[in-house]
There are 2 protein chains.
Amino acid sequence: MSHTAQSDGHARRGRAPTMADVAQVAGVSHQTVSRVLSHHPNVRDTTRAEVQRAIEQLGYRRNSSARALVTRRTLTLGVVACNPTLFGPASTLFGLEEAARDEGYMVSAVTLRRYTAKALEEAIDHLSDWGVEGIVVIVPHREAVAALAELRLPFPVVTVEGGHSLPIAGVSVDQELGARLATSHLLGVGHRTVWHVAGPPDWFEAEARVNGWRSTLEEAGVEVPPPLVGDWTPLSGYRAGQELAGRVAAGSARRTSADVTAVFVANDQMALGLMRAFREAGLSVPGQVAIAGFDDIPEAEFFAPPLTTVRQDFAAVGQASIRLLVSQLESGSTSHDGERVVIEPRLIVRRSSTSS
Amino acid sequence: MSHTAQSDGHARRGRAPTMADVAQVAGVSHQTVSRVLSHHPNVRDTTRAEVQRAIEQLGYRRNSSARALVTRRTLTLGVVACNPTLFGPASTLFGLEEAARDEGYMVSAVTLRRYTAKALEEAIDHLSDWGVEGIVVIVPHREAVAALAELRLPFPVVTVEGGHSLPIAGVSVDQELGARLATSHLLGVGHRTVWHVAGPPDWFEAEARVNGWRSTLEEAGVEVPPPLVGDWTPLSGYRAGQELAGRVAAGSARRTSADVTAVFVANDQMALGLMRAFREAGLSVPGQVAIAGFDDIPEAEFFAPPLTTVRQDFAAVGQASIRLLVSQLESGSTSHDGERVVIEPRLIVRRSSTSS
DNA sequence: GATGTCATTGTTAGCGCTCACAGCACAGAT
DNA sequence: ATCTGTGCTGTGAGCGCTAACAATGACATC
């Protein structure tokens with residue numbers, strides 16, 4: 001009801017009513033209307049009521065542009081997201097928007113098709129043109145984040161999964177820890193070593209998961225097989241699976257250490273593809289090969305078999321990034337001081353890794 | 001580089017440079033600067049170059065609030081999305097944002113937790129407070145859309161999958177056609193009838209898919225089994241699967257028409273759950289039961305077995321909704337005249353329905 | 001030489017709002 | 001009686017920009 005078109009009035013034809021219109025109807029000055037709207041204490045109750053009534057009657061809404069012009073605050077945050085069709089970025093965006101709204105900010109989003117420095121720069125240009133007060137960059141891609149550091153923007157920036165190397169504030173899940181959890185779980189259930197299907201090497205998350213996997217194997221003193229590389233898609237996991245299928249021990253017994261008996265896959269979608277390839281090769285999971293994924297997408301629990309995986313709390317990531325951004329905003333520091341929030345992932349054990 | 005903080009200058013300390021600052025540096029009036037920025041033809045080339053240089057030097061960016069104030073155009077569109085973690089809404093949002101950007105608009109998104117009229121109204125309030133020029137509502141929920149019709153907002157609104165009943169412009173995929181394609185495909189490969197696991201009854205898409213399924217069966221003159229109801233989640237599909245598993249013919253031969261031999265599931269995630277339940281019940285897909293889903297999520301091709309499903313072109317939906325919104329904006333019609341765009345879905349046949 | 005036309009530039013007046021400050025009434029203190 | 005404070009309200013300026021109009025000079029036309 002508050003947004004009904006003005007039902008009444010001698011308001012200038014066609015145009016939305018202004019504060020002056022409200023003031024006239026209420027018989028006060030525009031400034032008093034402003035005070036009512038911004039909950040200034042020094043307004044008599046009867047006056048306040050009068051103004052409220054006039055506002056309702058005219059269907060008045062404060063003009064955000066005029067307000068932003070004079071306050072120099074747009075109360076808008078920008079988000080640059082890579083592919084929001086992926087579960088992770090989408091969930092992050094979701095949590096982020098809610099947190100921003102709670103803080104009184106609006107979120108404007110721009111999505112990236114290509115992960116180049118130029119595309120990122122254009123996206124940020126677009127956002128700054130609209131006067132955002134700060135931005136969250138959900139582009140866990142090496143080249144893009146490097147470009148970001150060069151830019152030295154005149155407003156705060158927070159990256160999500162943007163690596164640790166740069167002096168930019170950021171939020172991330174401890175990917176390395178997640179990889180260690182998965183890998184040592186697989187070692188723990190009796191596998192001699194663990195193979196790995198990695199994500200694209202220019203993604204931070206992929207790199208961190210490789211590192212976590214590798215160091216776990218090294219610390220356990222077992223052989224580190226060469227990692228395969230995918231691109232996060234089920235198809236690439238499928239291809240990796242076809243390749244790996246040839247190396248699974250023919251019988252059910254585990255023979256040499258070169259045999260594949262356990263695979264840690266860098267995300268759930270690729271794990272799905274991998275499992276299809278194994279199924280087609282007549283290999284049983286977890287009977288002949290154990291598998292663990294990463295992300296815990298909602299489908300993972302219902303895969304055949306249900307997938308052991310590492311759960312990331314994306315909503316928390318979104319919230320944390322808004323908190324970080326807003327605190328920078330309020331402290332007025334554009335100093336890019338590189339504060340970091342790290343969120344711990346959790347291993348979810350399911351049948352794909354448990355030789356029941 | 002265009003957004004480097006002003007590197008130079010006698011600009012008023014701390015503040016971003018204004019048009020007047022640029023004008024002074026370039027030795028012209030602020031109006032000439034404005035003309036250069038808006039590509040007005042009547043500016044001498046040398047002057048234009050002078051101004052450009054001053055802009056670069058100061059790192060000037062036009063203040064969007066001031067501009068919006070005087071032009072009465074925020075060039076911002078609002079989107080109200082339900083759960084953007086779902087593949088459909090996320091993809092739509094993705095396509096929509098890109099289309100909006102191409103048209104020169106910014107997109108601000110608000111997400112909904114609960115699908116109530118109140119939540120929708122709050123979301124829209126939030127958007128109008130920020131001065132959006134129009135909104136796209138991706139909330140295919142009966143109550144929410146009904147509330148939307150009541151509101152009669154002072155700006156154009158486009159719904160995505162908002163049903164046909166209301167006089168609001170909208171874009172949708174022909175859900176009924178999709179359901180018919182899937183159902184008649186299942187009948188076509190020899191099943192006596194087709195069971196159905198529906199989505200929540202208060203979602204338009206769920207209802208349309210039920211209708212398409214039912215009418216296809218009726219036209220074929222076969223019995224219409226009672227539909228089961230899920231909530232789009234894999235878990236609810238799993239539960240439906242457990243229920244249905246008991247009714248699958250014990251042997252491999254098809255006996256009575258009450259036996260379940262084919263199921264059309266209202267989305268892919270539930271189909272995944274259903275297949276898990278069948279697997280656990282020792283039933284083979286497609287051997288004993290054929291299954292078809294809806295959406296064609298990226299994972300569907302890699303399910304066990306790969307899932308026959310109905311593909312929706314979500315990107316096209318997003319684009320179409322922006323086109324519709326922008327055309328309303330340009331024609332100045334807030335008339336909610338209920339123009340509708342319908343996009344055809346496509347059946348993707350995979351192994352889950354083909355008794356190879 | 002007067003006139004009109006055109007390209008180019010400058011001047012002025014707001015857009016709708018908030019901020020700083022000024023009033024004014026009335027309370028209590030001096 | 002004057003001074004000071006405090007609660008409420010109004011006035012004026014100005015945020016940075018665009019739109020409308022005015023002004024200028026160059027050049028062609030009559």
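From a predicted model like this one, the values you see are computed outputs, not experimental measurements. Order of the sequence lines fixes the chain letters, A, B, ..., with proteins taken first and strands second; residue numbering starts at 1 for each chain. Below, all heavy atoms of this structure are taken into account, side chains as well, without hydrogens, waters or symmetry copies.
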>> So for the helix from C:dG1-D:dC30 to C:dA29-D:dT2, with five pairs setting each end axis, what is the inter-axis angle to 10°?
In response: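 Helix axis angle between the two ends: 60°.
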Using whole Å, what does the distance between atom [atom2] of nucleotide [N] and atom [atom1] of [X] come to?
X     : N      : atom1 : atom2 : value
A:Q24 : D:dG10 : CD    : P     : 13 Å
A:M19 : D:dT11 : CE    : C1'   : 15 Å
A:N63 : D:dG16 : CG    : P     : 17 Å
B:R72 : C:dC17 : CZ    : P     : 10 Å
A:D21 : C:dC15 : CG    : P     : 11 Å
B:L37 : D:dC17 : CG    : C1'   : 11 Å
B:L69 : D:dC17 : CG    : P     : 12 Å
A:L75 : C:dT18 : CG    : P     : 12 Å

>> Quick check: do B:R62 and B:S38 have side-chain heavy atoms less than 4.5 Å from each other?
In response: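 The answer is yes; the side chains approach within 4.5 Å.
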>> So if I define the base as every atom that isn't primed, P, OP1 or OP2, how would nucleotides 5-11 of chain C read as a B/S/- string at a heavy-atom cutoff under 4.0 Å?
In response: ---BBBB
> For D:dT18, does OP1 or OP2 lie under 4.0 Å from any side-chain N or O of B:R62?
Replying inline: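 B:R62 to D:dT18 OP1/OP2: side-chain N or O found under 4.0 Å.
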Any residue meeting side chain to side chain donor-acceptor pair (under 3.5 Å) with [X], in chain and number order, not counting sequence neighbours:
X     : result
B:E97 : A:T111, B:R101
B:N63 : none
B:T76 : A:W130
B:E98 : A:R113

> Is it true that a side-chain atom of A:S65 and a backbone atom of B:A68 form a donor plus acceptor pair closer than 3.5 Å?
Replying inline: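 Between the backbone of B:A68 and the side chain of A:S65 there is no qualifying donor-acceptor contact (under 3.5 Å).
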> Is a side-chain donor or acceptor of A:T71 paired with a backbone partner of A:R67 at a separation under 3.5 angstrom?
Replying inline: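 Judged by distance alone, yes, a pair lies under 3.5 Å.
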> Is the shortest distance from a Lys or Arg side-chain nitrogen in B:E56 or B:R53 to a carboxylate oxygen in the other one below 4.0 Å?
Replying inline: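 No, no charged N to carboxylate O under 4.0 Å.
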> Rounded to the nearest 0.5 Å, how far does CG of A:L69 lie from OG of A:S64?
Replying inline: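 Between A:S64 OG and A:L69 CG, I get 11.0 Å after rounding to 0.5 Å.
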